[in-house]
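Read the structure below first, then the notes.
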Number of protein chains: 2
Amino acid sequence: MSNSGSVTIHDVARRANVAVSSVSRVLSNHPDVSIKMKTKVEAAARELGYSPDPVAQSLRRGTTNLVGLVVRDYANPFFAEVISGIEEVLTEAGYTLIVTSSGREATQETERITMLRQRRVDALILATVSDKSTSTRKAISAFKKPVVLLDREFPRLSTASILLDHASGLQAGTTDLLSKGHRRIALITGTPDIRPTRERVRGFEQAYRDAGIDPAEATEIAVVFSASFAHEKAVELLRLPVRRRPTAFIAGGVQATIGILEAMSELGIRAGDDVSLIVCDDLPWLRVMRPQISSVSRDAVDMGRAAADMVLSLLGGSTPSSVMLPTTYHVRETTQFAPGSRR
Amino acid sequence: MSNSGSVTIHDVARRANVAVSSVSRVLSNHPDVSIKMKTKVEAAARELGYSPDPVAQSLRRGTTNLVGLVVRDYANPFFAEVISGIEEVLTEAGYTLIVTSSGREATQETERITMLRQRRVDALILATVSDKSTSTRKAISAFKKPVVLLDREFPRLSTASILLDHASGLQAGTTDLLSKGHRRIALITGTPDIRPTRERVRGFEQAYRDAGIDPAEATEIAVVFSASFAHEKAVELLRLPVRRRPTAFIAGGVQATIGILEAMSELGIRAGDDVSLIVCDDLPWLRVMRPQISSVSRDAVDMGRAAADMVLSLLGGSTPSSVMLPTTYHVRETTQFAPGSRR
DNA sequence: TACAACAGTGCTCGGTGCACC
DNA sequence: CGGTGCACCGAGCACTGTTGT
C-alpha cells in the first residue's frame, strides 16, 4: 500500500465497467474512442476523484514536470520577485518549481545541480555563484536537458539566458553625473565573477569614454569590488579629505546600497546635498527615503516570467537563445550638480 | 561519457555478476550481506557512477522526499528568510522543497494544496491566506500526511504549528509607550484573518489593561486593519488636529512600516521627534534609517528551521505539536516621551 | 468482408522486499 | 546465513482478440 485512499486507473476501469486500456486511451486523448466511452470514463474518474499518479507517469515517460531553480541565496529581495514571476508562469503551464540555494559556494552549487539532475527535473534555471567556475560548468554540461541562466554567461555551453542591460542604465546614470560636473565617482559593487557587475562597470566606463574622459585618470576611485564590505569601504572613502573625496557614489546592488546609506547616515552626510547617489534596483523601501534616491531599475518579476517562458519554449523544442531585458535610469533627488560646478 | 544518469541497478548487477536484489540489499544497508558481496557491488556501482532513481524509489515506497510550501506571496521579505531556513534543514536531511504561492486568494490556495497532494509530497508547510477559510480547512484535512502551519491556527485539525509570540513583544512595546506618556497610539496592521495580527492586537490591548487604562476609552485610534492602505491611513491620521493626532504609531508588518514611513516623510514628520514609532520585523534596510527605529523583532530563519525540524520529526512518527518562538522588543531612538509628558 | 470500437494481455520504466532455496 | 527469483508500485503503449454493424 503506497497511498492510503488513492484511486488508481484500475479503480476507474472497474467503476466504469471498461478495460484499463480504455481508460488510459480516454485520458490521453487517443483518437479511437467513442463519445459514449469518453463520457462514461470521465464520469467514473470524476466520481472517484481520480487523478493520475505523477510519480508513475514520470517513471514511464521520463519527465517529471518539475523545474529546478538554484539561487545564490534568498537574502536578496530581488530573487524573491524573480521567483514569483517564474512560479506564476510555470504553475499555469502545469509545471512545479523546486527551489534550492547554493549559499554562495561553488561546491554546494554543483551538489544542488547534481541533486536536481538525479531528481530528473525537466529543466534548470540558474543564478550561479560565478560564471567562471569550472565545476559549475561541468555540472551544467552534465545536465542534458534545458538550462536557462539568469544574467550569467557560460561561453560555449548550449544554454539559454535572460540578460539585463545593466550597461545602458549605468551608462545613462554615469553620463548624468558627469554632465553635472562630477569627476570623482565611486562605483561600489559586488564580485566581477558575475555578469551584472561586469556589465555595470562596462557601462560606467563607457560613459567616461563617451564624454572624452579617461576613467583611469579622471577618477581617483573607480571601482570597488566588495559587497559585504561596502559599508567599511564607503566609510573609508567618505572620510577622505574633501578634495579627494568622491562627489558621487553608485551602488551596484542591494548590499552596496545598504552599506553606503548606512555609512552616510553614520557620518551625517545627506545623499543629494553633500554627495550624489545612484543605486541599482528600485526596492520598495527606497520609497520611504528622503530625499528620493535616483536609481537604475529593472523589472524582477518580468525577468522571472521571461525565464519561465524560455524554459517552456525550450521544452517545446526551441533552440537556446538569449533575451535581453532593459534597465531604466530614474533621475530623482540624489543626483545634483557637483560642488563648485557651474549650473 | 556514458550517461551516468541512465545507469540502472540492472547494469550494476550485471557488472558485479550478482542478482539485482543483492545490489538493492547492499545499497540499502541490509544486515545479511557478506563483506565480499558488499565490496564487489560497491565497486561496480562506483565504476558505473550509479545512483538510484528517486522516481522509481518513490513509486515503490510511496514517498517522494518532497516537501511542499505554500506562502501568500513572495513580496514579503520575511518569507525569503523563512524559506532559507526551511531549505537549509530539509536539504541536509535529503528532502527537497517545492515552493508555491497562493497570491493571497483562498481559491488558488486550495488548488495549490491539492496539486501538492497529487504530486505526493510527503509533507506540507503552510502560511495560509486566512486561518478561517473553510475551503482551506477542507484542503488541509484532505491531505493525510504531516502539515506544519506557519503562525496559523486551525482548531480541531491535527496539524503542527510554529507560532511566534507577537503578543509579548507588542505588549512590551506598548507598555513602553504608555509609560512614556503616550495615550493616542495608532496600531496599523494587516488582516485579522491571520493569527499574527490577532496576537499583536491582543498584546497591544493587554498592555493597556495592565496599565489600568481602557484601550477603547484612552485611545481615539486603536487598530486599523489595513496593509495596502497603510499609507493612506497614516496620512489621514497624521493630518488630524494635533490634539487628536496619534502621538505614536505601531506598524504591524512590512507594508504597514513602509506605508507609515512614507506618510511621515511626505508630511515632513520625523519619527522619534514628532511622533514615536515601533515597527515589527527587523529588516536589514531599517539599519540605514536615522533615527534608528524601535522594533519588535523575530528570527525568520530560525522559524524556517523550526518548521523543517517539525516536518522531519512528524515524518519520523511524532505526534503534531506546537512550538512557540519568542519576539523581542528593541528600544531604539523612535520611542520618545509623549509631547507634554513629564520626563 | 471490412471496419470501427472496444477488451484483454503483456511488457516497460527502476527499485524494493518477501518468500524461498 | 547469504543469496536469488519474482511479484509488485501505477501508468503507458503496442499488439492481438472479440464484438457488432
Side-chain angles (χ1 to χ4, degrees), chain A residues 1-45 48-66 94 117-122, chain B residues 2-42 44-45 48-66 94 117-122:
Chain A
M1 50 183 281
S2 63
N3 277 294
S4 55
S6 92
V7 0
T8 77
I9 200 170
H10 294 91
D11 302 324
V12 178
R14 211 175 312 130
R15 170 85 170 203
N17 281 319
V18 297
V20 175
S21 53
S22 298
V23 178
S24 176
R25 288 205 296 185
V26 168
L27 296 172
S28 49
N29 290 321
H30 193 87
D32 293 344
V33 280
S34 63
I35 297 184
K36 208 173 179 179
M37 170 66 82
K38 191 172 155 72
T39 54
K40 196 160 59 172
V41 168
E42 280 172 349
L48 294 175
Y50 169 79
S51 69
D53 186 336
V55 176
Q57 286 181 321
S58 293
L59 181 61
R60 190 62 235 261
R61 300 210 256 241
T63 63
T64 53
N65 277 30
L66 290 171
R117 177 170 54 83
Q118 289 176 353
R119 276 222 173 258
R120 299 204 168 188
V121 298
D122 293 342
Chain B
S2 63
N3 280 340
S4 56
S6 63
V7 177
T8 77
I9 200 170
H10 293 91
D11 301 324
V12 179
R14 210 176 312 130
R15 171 85 170 201
N17 280 320
V18 297
V20 175
S21 49
S22 299
V23 178
S24 176
R25 286 210 299 185
V26 169
L27 296 172
S28 50
N29 290 320
H30 192 90
D32 294 343
V33 279
S34 64
I35 298 183
K36 208 172 179 179
M37 170 69 82
K38 190 174 156 76
T39 53
K40 196 161 56 173
V41 168
E42 279 172 350
L48 295 175
Y50 169 79
S51 70
D53 185 337
V55 176
Q57 286 181 320
S58 293
L59 181 61
R60 187 61 231 251
R61 300 210 257 241
T63 62
T64 53
N65 277 31
L66 250 34
R117 178 170 55 82
Q118 290 175 352
R119 276 220 173 260
R120 309 280 194 264
V121 298
D122 293 343

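In what follows, chains carry the letters A, B, and so on, assigned in the order in which the sequence lines appear, proteins first and then strands, with residues in each chain numbered from 1.
Within the structure, every side-chain polar atom (N or O) of Q57(B) is placed at least 4.0 Å from both OP1 and OP2 of dG14(C). Contact check, S24(A) against dG12(D): a side-chain N or O comes under 4.0 Å of OP1 or OP2.
We find that CZ of R61(B) is positioned 13 Å from P of dC18(C), with the value rounded to whole Å. Between the CG atom of N65(A) and the P atom of dG12(D) there is a distance of 12 Å, given to the nearest Å. Rounded to an integer number of Å, the gap from Q118(B) CD to dG10(D) P is 15 Å. Put simply, CD1 on I9(A) is 11 Å from P on dC13(D), counting in whole angstrom units. Distance D53(B) CG to dG14(C) P: 7 Å, rounded to the nearest Å. Atom CZ of R120(A) and atom C1' of dG15(C) are 11 Å apart (whole Å). To the nearest angstrom, C1' of dG12(D) lies 10 Å from OH of Y50(A).
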side-chain contact (heavy atoms from CB on, under 4.5 Å) evaluation trace for V55(A) with T64(B): CA-CA 8 Å; V55(A) 176; T64(B) 53; 4.0 Å; yes

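For R25(B), the side-chain atoms get nearest to dT4(D) when compared with the rest of dA7(C), dA11(D), dT4(D). Across dC13(C), dA7(C), dA11(D), the shortest atom-to-atom separation from the side chain of T8(A) is found for dA11(D). For R60(A), the side-chain atoms get nearest to dG12(D) when compared with the rest of dG10(D), dG15(C), dG12(D). Distance from the side chain of A19(A) is smallest for dA7(C) among the nucleotides dG3(D), dA7(C), dG15(C). Side-chain proximity of S21(A) to dG3(D), dG8(C), dC13(C): nearest is dG8(C). With distances taken from any side-chain atom of L59(B) to the nucleotides dA11(D), dG10(D), dT4(D), the minimum falls on dG10(D). Nearest to the side-chain atoms of S22(B) among the listed nucleotides dG10(D), dT4(D), dG15(C) stands dT4(D).
When both distances must be under 3.5 Å, the Watson-Crick or G-U wobble mate of dC1(D) does not exist.
Closest non-hydrogen pair, K38(A) versus N29(A), comes out as NZ-OD1, 4.1 Å. In this structure, V23(A) and V18(A) approach most closely via the heavy-atom pair CG2-CG2, 3.8 Å. Considering every non-hydrogen atom in both D11(B) and S6(B), the closest pair reads OD2-O, 3.8 Å. In plain terms, the two heavy atoms of V7(B) and Y50(B) that are nearest each other are O-CD1, 3.3 Å.
Annotation: salt bridge (Lys or Arg N to Asp or Glu O under 4.0 Å) contacts of R15(A) (sequence neighbours excluded): E47(A).
When the shell of 6.0 Å around NZ of K40(B) is examined, it contains more than 12 heavy atoms from other residues, nucleotides or ligands. Within 6.0 Å of the NE2 atom in H10(A), the count of heavy atoms belonging to other residues, nucleotides or ligands does not exceed 12.
Residue contacts for V20(A): at a heavy-atom cut-off of 4.0 Å it reaches no nucleic acid atom on any strand shown. Residue contacts shown for D11(A) are absent, as no nucleic acid heavy atom lies under 4.0 Å away.
Near DNA chain C, defined here as any heavy-atom distance below 4.0 Å, there are no residues from residues 26-38 of chain B.
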